[in-house]
Each structure stands twice: as structure tokens, then as C-alpha cells.
Amino acid sequence: MLDEDEIGKRLLGMEPGEFHFPQLYGEDWNRLYIGDKVKIGREFLNAVRAGAFPGVEDTGRKKNGGRIYRKN
């Protein structure tokens, strides 16, 4: 399950620019099962599209196996 409060705190510490969600999620990302990665990644995408994280947008592009987001 996506912890929007924790993700919001991590976003505050990020510099503006493009990123992949696993970079934001942190090192625990690699400890998750693939199904959990898919579920949490989809929850983040939906939250971004719903405006839950002001200043963050889905670029609509993928690169290196993942969706690219941008923090303005």
C-alpha cells in the first residue's frame, strides 16, 4: 500500500527534475515482491494523476523500464 504521507515527505527533499518512482521510494523498493512493486507503482501513478502530489506530473514517457515523472 502506498504511504502518501511518507512519499510526500520524500518529495519535499527531492530537487526538481525527472525521476523514476523507485528512486523516490528508496532502497526498500528492491526488497518488494514484483506484484507489490506493480501495485504500489500503479497507486503512485493514480495519485499523481489525481493531483495528490502538487508539482509532480506524469511525463507520459517510459525509459529504462520505468515511467518517468517530473517534479517542478
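Throughout, residue positions are numbered sequentially from 1 according to the sequence presented.
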| message | I'd like to know if Met14 and Leu2 are part of one continuous hydrophobic network [Ile/Leu/Val/Met/Phe/Trp/Tyr, side-chain heavy atoms within less than 4.5 Å]. | response |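 Yes, one cluster joins them.
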| query | Roughly how far apart are Lys71 NZ and Leu11 CG, rounded to 0.5 Å? | reply | 6.0 Å
| message | Just verifying a value: how many Å separate Ile7 CD1 and Leu24 CG, rounded to the nearest 0.5 Å? | response | 4.5 Å
| query | Do Glu4 and Phe53 have side chains that get closer than 4.5 Å, going by heavy atoms? | reply | yes
| task | For residues Phe21 and Ile40, determine if any side-chain heavy atom of one lies less than 4.5 Å from a side-chain heavy atom of the other. | result |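 SC-SC contact between Phe21 and Ile40 confirmed.
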| field | Contact list for residues 37-47, test salt bridge (Lys or Arg N to Asp or Glu O under 4.0 Å), sequence neighbours left out | value |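 Listed by first then second residue: nothing to list.
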| note | For Trp29 and Gly41, the nearest pair of non-hydrogen atoms, with its separation, is CH2-N, 4.4 Å
| Do Phe44 and Tyr69 make the cut of ring centroids closer than 6.0 angstrom? |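 Aromatic pair counts; centres sit under 6.0 Å.
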| task | Using side chain to side chain contact (heavy atoms under 4.5 Å, CB included) as the criterion, list what pairs up with Asp36, not counting sequence neighbours. | result |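 Expected list: Leu32, Tyr33.
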| request: Please identify each residue that fulfils side chain to side chain contact (heavy atoms under 4.5 Å, CB included) with Glu18, with sequence neighbours left out. | output: Thr59, Arg61, Ile68, Arg70
